[in-house]
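Below is one structure; the comments refer to it alone.
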Amino acid sequence: MENTVLSHYASINAEFLHGAGMAGTEQLFSYLPIHDHQNVLEIGFGTGASLVRLKGRFPDLEVCGIEASELMLQKAKKRFRWSGLSPTHLKVKGVPPYPFEHDSFDIIYIESVLAILSLEKIDAILTEIFRLLKPGGHFGLNETIWLPEISSAEISRINDACFRKYGIIQSNEELEDANSWASTIESKGFKQLITEPVVPKAWNKKTSWVEKRSRLFTLFGKINGKISAKHRKVEQEIMDFQNSLFEPGKAYMTGHIFVYTK
């Protein structure tokens with residue numbers, strides 16, 4: 001059964017569901033040496049906005065994706081077709097091994113996916129990424145982590161409530177800070193290049209026609225979400241639940257960028 005939150009965001013064509021949104025994606029991309037004629041993999045591509053953005057910028061880039069949600073996969077395929085692209089290399093697969101050969105990719109990246117998983121699943125995916133990444137390739141991660149001032153009791157309370165409500169946690173409590181994430185990633189053999197908080201700032205506003213069509217796809221989804229009583233009800237339920245978990249004006253988590261090479 002699909003997660004209610006994921007189903008809702010898929011149904012309204014939501015994009016950039018991670019720290020700082022599109023600006024966070026641009027911050028991550030700025031540290032990845034992406035250029036045409038490479039093979040790039042995104043794990044957990046959602047409705048496909050980041051991959052389409054890359055393909056619009058680098059037409060000869062070979063983009064591939066792995067997504068656990070069938071609903072997200074179908075929306076991503078629609079976004080690709082809407083944007084004039086082929087969704088051939090988008091696949092649905094929840095857990096490793098992924099259907100690619102060893103050393104297949106120059107770039108692999110993930111945006112706000114690993115933190116909602118168990119440490120065991122994180123470990124398995126990191127091992128698989130190391131298998132798939134070419135020697136000298138780059139792995140980038142934009143992940144949501146807890147702020148150091150948030151107590152273990154608060155983290156457990158929030159995660160338990162989220163799991164009871166939606167079947168997923170808010171963010172992994174075993175990897176409690178950036179150093180814990182870095183140690184876990186490096187234990188797989190990766191070499192660290194960058195670790196820094198996501199900083200909302202101006203991004204590259206130059207967009208291709210591919211990206212403009214993608215943004216139109218997102219806009220139509222937003223409009224549908226506004227006019228549909230069903231979508232408005234789900235959105236309000238999500239907001240009410242979040243308000244019951246978090247104190248107004250208090251920061252609990254932050255986006256963090258990690259970049260590694262193999």
Side-chain angles (χ1 to χ4, degrees), residues 1-25 27-28 44-50 67-72 75-76 94 110-119 121-122 141-178 180-181 197-201 218-257:
M1 182 176 179
E2 288 277 358
N3 175 275
T4 304
V5 176
L6 294 180
S7 300
H8 172 68
Y9 288 134
S11 68
I12 61 173
N13 305 347
E15 62 178 8
F16 304 113
L17 298 172
H18 45 260
M22 189 189 294
T25 295
Q27 185 176 345
L28 175 62
F45 53 75
T47 66
S50 293
E67 172 57 53
S69 165
E70 179 66 34
L71 290 175
M72 287 290 192
K75 277 304 177 95
I110 308 178
E111 299 182 279
S112 289
V113 172
L114 293 186
I116 64 173
L117 303 177
S118 69
L119 192 57
K121 289 181 179 179
I122 293 172
L141 182 66
N142 173 9
E143 202 49 79
T144 303
I145 65 176
W146 295 100
L147 291 172
E149 60 267 27
I150 305 303
S151 69
S152 297
E154 283 185 290
I155 293 173
S156 294
R157 173 184 64 83
I158 293 168
N159 277 345
D160 289 347
C162 288
F163 191 81
R164 287 195 304 271
K165 182 73 173 178
Y166 295 121
I168 56 174
I169 60 174
Q170 187 72 35
S171 184
N172 190 285
E173 55 193 281
E174 294 176 88
L175 300 177
E176 58 196 29
D177 56 25
S180 300
W181 278 93
V198 171
V199 180
K201 56 186 178 182
T218 300
L219 177 61
F220 285 152
K222 286 183 178 180
I223 293 172
N224 182 44
K226 295 295 183 183
I227 64 177
S228 165
K230 176 183 177 181
H231 291 327
R232 292 201 308 271
K233 180 181 178 182
V234 174
E235 186 73 30
Q236 189 61 52
E237 289 176 352
I238 293 172
M239 291 178 62
D240 290 343
F241 179 66
Q242 289 177 336
N243 290 335
S244 73
L245 288 182
F246 304 112
E247 295 180 24
K250 180 178 178 178
Y252 288 79
M253 291 162 285
T254 185
H256 201 92
I257 300 291

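Computed over heavy atoms, backbone and side chain alike; hydrogens, waters and symmetry mates excluded.
In plain terms, the two heavy atoms of E67 and G46 that are nearest each other are OE1-N, 2.8 Å. Residues V198 and G24 come closest through the heavy atom pair CG1-CA, 4.1 Å. Of all heavy-atom pairs spanning A76 and F45, the tightest one is CB-CE1, 3.4 Å.
Annotation: side-chain hydrogen bond (donor to acceptor under 3.5 Å, both in side chains) contacts of S171 (sequence neighbours excluded): none. For the ring-ring contact (aromatic ring centres under 6.0 Å, His included) test, no residue two or more places apart in sequence or in another chain qualifies with F163. Evaluation of the side-chain contact (heavy atoms from CB on, under 4.5 Å) rule for L219 yields L216, I223 as partners, not counting sequence neighbours. For E143, the side-chain contact (heavy atoms from CB on, under 4.5 Å) criterion is met by S112, L114, A115, L141, W181, not counting sequence neighbours. For S118, the side-chain hydrogen bond (donor to acceptor under 3.5 Å, both in side chains) criterion is met by no residue, not counting sequence neighbours.
Taking CG of L245 as the start and CG of N159 as the end, the distance is 9.5 Å to the nearest 0.5 Å. Here the OG-CE distance, from S69 to M72, works out to 5.5 Å after rounding to the nearest 0.5 Å. Taking CD1 from I110 and OG from S50, the interatomic distance works out to 12.5 Å, rounded to the nearest 0.5 Å.
The side chain to side chain donor-acceptor pair (under 3.5 Å) analysis of residues 238-247, with sequence neighbours excluded, yields the pairs Q236-D240. Applying the salt bridge (Lys or Arg N to Asp or Glu O under 4.0 Å) rule to pairs touching residues 224-235 yields nothing, sequence neighbours excluded. Within the structure, salt bridge (Lys or Arg N to Asp or Glu O under 4.0 Å) pairs that include any residue of residues 161-177 do not occur (at least two apart or interchain). Residue pairs that meet the salt bridge (Lys or Arg N to Asp or Glu O under 4.0 Å) test with at least one member in residues 151-161, sequence neighbours left out, are E154-K250.
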Only pairs under 3.5 Å count here: list side-chain donor-acceptor contacts from residues 9-21, not counting sequence neighbours, and write none if there are none.
from	atom 1	to	atom 2	distance (Å)
S11	OG	S7	O	3.4
S11	OG	H8	O	2.6
N13	OD1	K75	NZ	2.6
N13	ND2	F217	O	2.8
E15	OE1	T218	OG1	3.0
E15	OE2	R215	NE	2.9
E15	OE2	R215	NH2	3.0
H18	NE2	G21	O	3.1
H18	NE2	T25	OG1	2.6
H18	NE2	E111	OE2	3.0

Q | Derivation and outcome, side chain to side chain contact (heavy atoms under 4.5 Å, CB included), residues I158 and W146 | A | CA-CA 11 Å; I158 293 168; W146 295 100; 4.0 Å; yes

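When side chains are defined from C-beta on, Q27 does not count as touching N142, because their heavy atoms never get closer than 4.5 Å. Residues I145 and L175 fail the side-chain proximity criterion, which asks for heavy atoms closer than 4.5 Å.
A distance-only check finds a donor-acceptor pair linking the side chain of N172 to the backbone of L117 [under 3.5 Å].
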